[in-house]
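Down below is the structure, laid out as structure tokens.
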Amino acid sequence: MEIIRTIAELKAKLDTARSKGSIGLVPTMGALHAGHASLIERARRENDTVVVSVFVNPTQFNNPTDLATYPRTEEADAALLEKFGADYAFMPSVEEVYPEPDTRVFDLGPVAEVMEGAMRPGHFNGVAQIVSKLFDFTRPTRAYFGEKDFQQIAVIRRMVELEGFDLEIVDCPIKREEDGLAMSSRNVRLTPEQRAIAPAIHRTLASSLDWAEGHSVEETKRYVVDEINSFPHMNVEYYEIVDALTMQPIKDWADTESAVGCVTVFCGDVRLIDNIKYPKRK
């Protein structure tokens, strides 16, 4: 595996690789774990060349503290990338990616206006800025994203449509710890006590599948929020049940062919996200 620091070198390497077959891109912000490894393994199975970007993108953080505390583990990341079969690790500096401020504003529409879009103003525009840059640098055949960031995938699909990129967006299942907690680079910031409590997020979402059978959308939302908030250290920022394509909240189970429950929870001061898919009502 080669570590690449500059855009010029990346483009040169991938121009050569592209002539030999498909390119799979896995965009990451580093602090890699088994969830990222599963994306890399899938990219490896489906492409001739695999490139993984490791870049903590400042434009998608609306909270300076979150940016400052985001874990950075470059040496460990490089070892994981080599182990799981990446050909290239793109690890640029902020100055390399943003030689001047990126002032682009994307018309991302309704998918970016709810949930994370409402809670983190400017976040999805920053995501669109960096992902569009990475797509331009790498011109991949396929790009791989984890479903933990369910809304983000919808936003990226919208950005691809706007910018006319010719590639396939591949969404991959959430990878979980043995106790059900969704794998996240932020989990390392949990105290031992918080880490022991955090799996209640997924347990509650899973139990809500049965609860929803006999209850309305609004009752199911209240159940999830009240249950998670009953645990110490836990505070639900939002829980929305939305249409899987439009990301718009639903009021009745019959409003959609595919409902997804998306939750954000503060466990102490660590912001965790998760989601679950509800079966279609017959």
Do [X] and [Y] come within less than 4.5 Å of each other through their side chains, counting heavy atoms only?
X: Leu134; Y: Ile130; answer: yes
X: Asn229; Y: Asn235; answer: yes
X: Phe106; Y: Glu163; answer: yes
X: Val131; Y: Gln60; answer: no
X: Phe231; Y: Cys267; answer: no
X: Lys277; Y: Glu147; answer: yes
X: Gln151; Y: Glu240; answer: no
X: Glu177; Y: Met183; answer: yes

Tell me whether [X] shares a hydrophobic cluster with [Y], the cluster being built from Ile, Leu, Val, Met, Phe, Trp, Tyr side chains joined at under 4.5 Å.
X: Ile7; Y: Val51; answer: yes
X: Ile4; Y: Val97; answer: yes
X: Ile228; Y: Leu190; answer: yes
X: Ile250; Y: Val260; answer: no
X: Leu181; Y: Leu209; answer: yes

Strictly below 4.0 Å, N to O, side chains only: are [X] and [Y] in salt-bridge contact?
X: Arg139; Y: Asp15; value: yes
X: Glu237; Y: Arg120; value: no
X: Lys221; Y: Glu218; value: yes
X: Arg5; Y: Glu74; value: yes

Arg44 vs Glu41, salt bridge (charged side-chain N to carboxylate O under 4.0 Å, His left out): CA-CA, chis, key distance, verdict
CA-CA 5 Å; Arg44 179 76 280 164; Glu41 287 180 311; over 6 Å; no
Tell me the closest heavy-atom pair linking [X] and [Y], and the distance in Å.
X: Ala212; Y: Trp253; value: CB-CZ2, 3.6 Å
X: Phe135; Y: Ala143; value: CE2-CB, 3.6 Å
X: Ile156; Y: Ile169; value: CG2-CD1, 3.9 Å
X: Thr141; Y: Ser22; value: OG1-CA, 3.3 Å
X: Ala8; Y: Glu96; value: N-OE2, 4.5 Å
X: Arg18; Y: Thr138; value: NH2-O, 2.5 Å

Would you call the rings of Phe55 and Tyr98 parallel, tilted or perpendicular, taking 30° and 60° as the class edges?
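Phe55 and Tyr98: tilted rings.
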Which label fits Trp211 and His215: parallel for a plane angle under 30°, tilted from 30 to 60°, or perpendicular past 60°?
parallel
Besides Tyr144, the hydrophobic cluster formed by Ile, Leu, Val, Met, Phe, Trp and Tyr side chains linked at under 4.5 Å, directly or via other members, contains Met1, Ile3, Val26, Leu32, Leu39, Ile40, Val50, Val52, Val54, Leu80, Leu81, Phe84, Met91, Val170
Using the side chain to side chain donor-acceptor pair (under 3.5 Å) rule, take Tyr278 and Ser208 through it: C-alpha gap first, then chi angles, then the decisive distance, then the call.
CA-CA 9 Å; Tyr278 289 92; Ser208 78; 2.7 Å; yes
Over 12 non-hydrogen atoms of neighbours within 6.0 angstrom of NZ in Lys11:
yes
Take Met234 and Ile201, measure what side-chain contact (heavy atoms from CB on, under 4.5 Å) needs, and give me the verdict at the end.
CA-CA 9 Å; Met234 301 267 253; Ile201 298 170; 3.6 Å; yes
side-chain contact (heavy atoms from CB on, under 4.5 Å) assessment of Leu14 paired with Phe137
CA-CA 9 Å; Leu14 294 184; Phe137 301 159; over 6 Å; no
Determine, stepwise, if the pair Phe90 / Leu25 fulfils side-chain contact (heavy atoms from CB on, under 4.5 Å).
CA-CA 10 Å; Phe90 181 48; Leu25 169 67; over 6 Å; no
Could you give the distance from CG (Asp48) to CG (Asp87), rounded to the nearest 0.5 Å?
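One gets 9.5 Å once the value is rounded to the nearest 0.5 Å.
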Test side chain to side chain donor-acceptor pair (under 3.5 Å) on Glu193 and His233; report intermediate values, then the result.
CA-CA 9 Å; Glu193 184 181 4; His233 304 290; 3.2 Å; yes
